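Data first, discussion second: the structure below is written as structure tokens.
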Amino acid sequence: MSQVRVRFAPSPTGFFHIGSARTALFNGLYARHTGGKFILRIEDTDKERNSDAFLKVIFDSMRWLGMDWDEGPEVGGDYGPYFQSQRTGLYKAKLQELAAKGRAYEKDGAWWLRLEGARTAAYDEHLKKDYEKVDAAPMVLHDLVRGQVARVEDRDFVIFRSNGEPVFHFVNVVDDIEMRITHVIRGEDHLSNTSKHLELFKAFGVEPPKYAHIPLILKTDGPGKMSKRDKGALIEEYQQRRYLPSAVRNYLCLLGWTPADGKEVLPIEEIIRQFEISAVHQSNARFDERKMSHVNAQTLRNLPAAEFAALARPILLESKVIDASVSDARLAEILGIVQEKVVSLEHLPEFMGFFFTADFKPDEGAKANLTKKGGDPVARVRELLPVLEAAAWNEPALEAAFAAVGAAHERKPTDYFAPVRFAVSGQGGGAHLLGVLRVLGRDTTLARLKSFAA
RNA sequence: GCCUCCUUCGUCUAGCCCGGUCCAGGACACCUCGUUUUCACUGAGGUAACUGGGGUUCGAAUCCCCAAGGGGGCGCCA
């Protein structure tokens with residue numbers, strides 16, 4: 001079989017929707033899996049609804065997600081131009097081709113595709129109007145995901161508007177032919193359009209590509225598919241919230257497809273290796289922000305330390321937690337104990353800000369919890385202070401100090417943990433406490449404890 | 001109204017094609033417990049599902065039919 005050629009064909013009419021991202025992703029995965037080509041084509045035939053700003057959103061989002069295209073805008077290719085607005089001549093020529101065959105005709109200023117079959121008058125309950133029903137043969141689709149799906153297209157449809165512009169169904173098919181597309185992977189919302197497309201391929205006398213209609217992403221709760229107004233529906237939201245693009249991509253793969261080996265958090269190379277269209281699910285999936293967040297956290301913790309640091313530094317700079325004077329070595333030391341606990345880059349500044357300033361904002365909830373377990377927190381810190389002052393500043397010694405003070409006052413060593421954490425960080429949770437004290441350093445730790453106990 | 005797709009824990013799903021190994025496995029979330037480390041960590045447990053009804057069969061989550069529910073489409077939008 002010849003080389004696989006798939007395309008993602010968005011219309012720059014809005015934001016980059018999570019469903020679009022996944023469609024693009026599945027196309028890209030299939031291209032990479034098979035060693036084929038991934039083509040980006042911009043469907044901007046409707047001038048009323050297009051904008052250059054939206055175009056940039058598509059490019060930025062796709063690149064952010066690591067979905068680079070082999071042919072298309074900004075990269076070129078042998079089958080361009082890749083903007084449908086620049087292919088008008090081609091569409092007109094193809095329309096003439098159908099007209100010459102007697103398969104297209106003009107009516108009310110628009111051009112229509114003429115279906116083959118006997119005609120009768122009928123009434124459409126939905127549109128509340130009469131129409132000419134065509135007794136056409138069913139179009140049988142052998143969908144790679146859904147199997148055989150037959151549907152009858154029973155009336156002629158518009159392929160060129162009266163304003164001279166071609167409609168979606170027409171350009172979509174013409175370009176798939178001209179661009180030598182071998183597989184069309186798209187959302188299930190296009191399933192019932194496919195009979196129109198198959199009629200067009202038939203009219204052109206061209207063998208249609210293989211189709212794969214993938215399930216849709218539904219709202220977390222409530223009826224219907226994700227709409228752009230739903231929380232979490234737009235890729236830019238994840239960029240703003242510091243999600244790792246690889247984690248977003250990973251989660252999106254899990255919506256509609258399952259890795260054969262059952263591992264859910266896995267690198268893109270492994271996803272590409274395992275990805276099969278035949279394994280794509282048939283049923284729609286509900287979007288789950290919490291699971292996505294979990295995938296993000298897992299991915300974050302699995303990052304090599306250097307990579308984590310490279311991501312963390314600009315975020316900490318931007319939030320003014322650190323300035324440029326903080327050395328890589330110092331940052332690495334802190335990040336070393338933070339990475340295993342933090343769940344998102346978004347929360348990194350508040351999670352580790354106390355390492356750089358004593359002027360942190362105490363967590364009121366944590367403060368309220370202090371007295372619950374260990375009694376009076378100030379008393380605990382006072383008991384502990386002299387022992388810590390005498391201790392060597394490494395984790396085993398610090399652990400021994402907590403144990404000693406606990407034994408001396410007939411308390412559990414852990415009764416001292418929460419007060420100490422709160423005193424040095426203002427928080428109720430966070431990185432491993434002994435590590436925090438070690439990295440914070442003897443002087444800073446003791447100073448904050450004294451200040452707390454004063 | 002018509003066309004079409006889908007239907008396993010709250011959610012994402014494995015199993016279904018090739019019926020018995022499934023009183024249905026995993027993950028997220030939730031709950032409980034654990035550690036001389038509190039915790040946004042980690043470990044161990046737990047609650048929780050084959051939409052319903054017929055049929056085929058010795059035997060059905062798995063095959064067939066019907067119903068119900070959900071999704072999508074029905075535009076000179078894409």
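Remember, it's a predicted structure, so these values are computed and weren't measured experimentally. Letters go in sequence order (proteins before strands), and every chain restarts at 1.
- Distance, A:Phe287 CZ to B:rU11 P: 16 Å, rounded to whole Å.
- An OP1 or OP2 oxygen of B:rA14 is reached within less than 4.0 angstrom by a side-chain nitrogen or oxygen of A:Thr258.
- In this structure, A:Gln282 reaches the B:rC6 phosphate: one of its side-chain N or O atoms is under 4.0 Å from OP1 or OP2.
- Under a 4.0 Å N-O distance rule, the pair A:Glu153/A:Arg155 does not qualify as a salt bridge.
- Protein atom CG of A:Asn302 is 14 Å distant from nucleotide atom C1' of B:rU42, rounded to whole Å.
- A side-chain donor-acceptor contact under 3.5 Å links A:Thr194 and A:His213.
- B:rC16: no Watson-Crick or G-U partner with both key distances under 3.5 Å is found in any strand.
- Across all strands shown, B:rG1 pairs with B:rC74; the Watson-Crick or G-U wobble distances both stay below 3.5 Å.
- With a cut-off of 3.5 Å on both pairing distances, the Watson-Crick or G-U wobble partner of B:rG69 is B:rC6.
- At a non-hydrogen distance threshold of 4.0 Å, nothing from residues 134-145 of chain A comes into contact with RNA chain B.
- By the 30° and 60° cut-offs, the orientation of the rings of A:Phe354 relative to A:Phe360 is perpendicular.
- At whole-Å resolution of the value, NE2 in A:His294 and C1' in B:rU42 are 12 Å apart.
- Put simply, A:His169 has no side-chain N or O that comes within less than 4.0 Å of OP1 or OP2 on B:rA78.
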Task: Sequence-aligned protein contact record of nucleotides 67-73 of chain B, with B where the base is within under 4.0 Å of a protein heavy atom and S where only the sugar-phosphate is - done: ----BBS
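- Nearest to the side-chain atoms of A:Phe417 among the listed nucleotides B:rU37, B:rC41, B:rC12 stands B:rU37.
- Counting only heavy atoms from C-beta on, A:Pro413 has its side chain closest to B:rU36 among B:rU36, B:rA14, B:rG75.
- Spacing between atom CG of A:Leu300 and atom P of B:rC41 amounts to 13 Å, rounded to whole angstrom units.
- Salt-bridge check for A:Arg103 with A:Glu116: passed, with a basic side-chain N closer than 4.0 Å to an acidic carboxylate O.
- Using N1 to N3 plus N6-O4 or O6-N4 for Watson-Crick, or N1-O2 and O6-N3 for G-U wobble, each under 3.5 Å, B:rU62 pairs with nothing.
- No more than 12 heavy atoms of other residues, nucleotides or ligands shown are found within 6.0 angstrom of NZ on A:Lys412.
- Aromatic stacking is not marked for A:His126 over B:rC2, as the cut-offs of 5.5 Å for the centres and 30° for the planes do not both hold.
- Looking at which nucleotide of RNA chain B each of A:Leu254 and A:Glu125 is closest to, the 5′-most match is held by A:Glu125.
- In this structure, of B:rC6, B:rC12, B:rA78, it is B:rC6 that holds the atom nearest to the side chain of A:Arg146.
- An OP1 or OP2 oxygen of B:rA78 is reached within less than 4.0 angstrom by a side-chain nitrogen or oxygen of A:Arg161.
- In this model, no donor atom of one side chain and acceptor atom of the other lie less than 3.5 Å apart for A:Glu237 and A:Tyr243.
- A cation-pi arrangement, defined by a distance under 6.0 Å to the six-membered ring centre and an angle within 45 degrees of its axis, is present between A:Lys94 and A:Phe204.
- Here the shortest heavy-atom pairing between A:Leu348 and A:Ala312 reads CD2-CB, 3.4 Å.
- A donor-acceptor contact closer than 3.5 angstrom links the side chains of A:Asp156 and A:Tyr105.
- Using a cut-off of 4.0 Å between Lys/Arg side-chain N and Asp/Glu carboxylate O, A:Lys263 and A:Glu270 are scored as not salt-bridged.
- Pair assignment for B:rG43: B:rC33, on the basis of Watson-Crick or G-U wobble contacts that are both within less than 3.5 Å.
- Nearest-nucleotide positions on RNA chain B for A:Ser283 and A:Gly429 put A:Ser283 closer to the 5' end.
- The interatomic distance linking A:Phe354 (CZ) with B:rA40 (C1') rounds to 13 Å, in whole Å.
- Taking 3.5 Å as the limit, the base of B:rA29 and the side chain of A:Lys291 contain no donor-acceptor pair of atoms between them.
- Under the 4.0 Å criterion applied to side-chain N and carboxylate O atoms, A:Lys129 and A:Asp124 are not assigned as salt-bridge partners.
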